[in-house]
Student: 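There's a structure below that I have some questions on.
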Amino acid sequence: MIPQTQPLVPKQAWQIALSNAINDPETLLSQLGLKDKLEAIDGEILKQFPLRVPQTYANKMRYGDVNDPLLRQVFPLSDEGKIDTDFVSDPVGDKLAITSPGLLQKYHGRALLLTTGACAIHCRYCFRRHFPYGDSNPLASQWQQTMTTLKQDTSIKEIILSGGDPLSLSDTKLEGLITELGTISHIKRLRIHSRLPVVLPGRVTQSLLETLMNSRFQIVMVIHANHANELVDDVIPALKALTDINVQLLNQSVLLKDINDTVVDLINLSERLSELNVMPYYLHLLDPVQGAGHFDVAESIGISLIQQVRKQLSGYLVPRLVREQQGQASKTIIC
Ligand code: SF4
């Protein structure tokens, strides 16, 4: 997406880890001692949205546990093949919100850039799992058009880097992008939506930290963790490094059946986030995306869970239960 040609540079350790991510369900099962205990979906669905798990994330899964909450987020179960007409390919109306190549404008004062279609991990419930990134990336030839849109719309105060995962871009590309956005004076804040600090914490490199520190923007990073078991080991120093340079960290999670749909799970997640100086921000009800129906938790159950969590935690540790609805001026706060 960055217009200039970049010189070839050796891969960093996190990029090598990304290239070595596990992409075969049998390999993952065999590492966990679960051969023949789970059945993966096959065929087109897996081809279009393959398994993808960095080894560092797989290392946090419990050996021999078919119900491990990390495994369940990434393992392509045969349930994905079930047809449910309420579950669609573009559940939140992303395609209708595109105003320029790679630019989505849904809410006042903010614009979201789809910087890449790549992610370090493939979350099976992802609302963009069917998104046609190839048609929507602001390619080099269209980048100026997107920049012109951003320059002309002085109501935009905040840019959200999304994807895919914007931190899967190289440091050079990311720095070029942030520098160019920095030339637009009416943009005050940069929000980065990324799951990489959680699933591949080695991505938080010194050069990334320097890029963020050198930017004139106020920087907010919205990480994505669904379960306290994700927030251990190498994730701890990565998040600390970000808070040490005054990046404000928020977390968004998705309420997922059999993964985090208990009061205990939600409390543990909020407590853990608090220990790591991350504010629990949103708990999303599942976006009804095709192939993810088996993760769905009813809204009434979500409300009841949050009400119980609220009785046990300080208010600022209780995430807002939200749903994204196409055409609304903001996310709908359910509870
Ligand atoms: S990291 Fe985010 S964008 Fe990528 S698959 Fe997971 S939920 Fe989707």
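Residue numbers start at 1 and run along the sequence shown. Remember, it's 1-based here, ligands and their atoms both numbered in the order they're listed.
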Student: Please determine, by modelled atom types, if His284 and Glu324 share a side-chain donor-acceptor pair under 3.5 angstrom.
Tutor: no
Student: Students should be able to answer this: which protein heavy-atom is nearest to atom 2 (Fe) of ligand 1, and at what distance?
Tutor: His224 ND1, 4.3 Å
Student: In terms of the angle between their ring planes, are Tyr125 and Phe295 parallel, tilted or perpendicular, with boundaries placed at 30° and 60°?
Tutor: perpendicular
Student: I'd like to know whether ligand 1 has Arg128 as a neighbour, heavy-atom separation below 4.0 Å.
Tutor: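 For ligand 1, residue contact (heavy atoms, under 4.0 Å) with Arg128 is absent.
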Student: Distance under 4.0 Å to a non-hydrogen atom of Arg195: what atoms of ligand 1 satisfy this?
Tutor: 1 (S)
Student: Would a 4.5 Å heavy-atom cut-off, applied to side chains only, mark Phe75 and Met61 as touching?
Tutor: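 Phe75 vs Met61: side chains apart.
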Student: In terms of residue, atom name and distance, what is the protein heavy atom nearest to atom 8 (Fe) of ligand 1?
Tutor: Cys126 SG, 2.3 Å
Student: With a cut-off of 2.8 Å, does His122 place any N/O/S atom under that distance from atom 6 (Fe) of ligand 1?
Tutor: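 It does not: His122 brings no N, O or S atom closer than 2.8 Å to atom 6 (Fe) of ligand 1.
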Student: Output the distance between atom OG (Ser100) and atom CG (Leu150), rounded to the nearest 0.5 Å.
Tutor: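 With rounding to 0.5 Å, OG (Ser100) is 7.5 Å from CG (Leu150).
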Student: Considering only non-hydrogen protein atoms, determine which one is nearest to atom 6 (Fe) of ligand 1 and report residue, atom name and distance to 0.1 Å.
Tutor: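 Ranked first by proximity to atom 6 (Fe) of ligand 1 is Cys123 SG, 2.4 Å.
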Student: Compute whether any side-chain donor of one residue and acceptor of the other, for Ser162 and Arg128, lie under 3.5 angstrom apart.
Tutor: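 Present: a donor and an acceptor within the cut-off.
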Student: Looking only at protein heavy atoms, identify the closest one to atom 3 (S) of ligand 1 and say how far it is in Å.
Tutor: Cys119 SG, 3.6 Å
Student: Please list, in number order, the atoms of ligand 1 under 4.0 Å from a heavy atom of Ile121.
Tutor: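 Near Ile121, meaning under 4.0 Å from one of its heavy atoms, ligand 1 has 4 (Fe), 5 (S).
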Student: Distance check, rounded to the nearest 0.5 Å: Ser168 atom OG versus Arg195 atom CZ?
Tutor: 13.5 Å
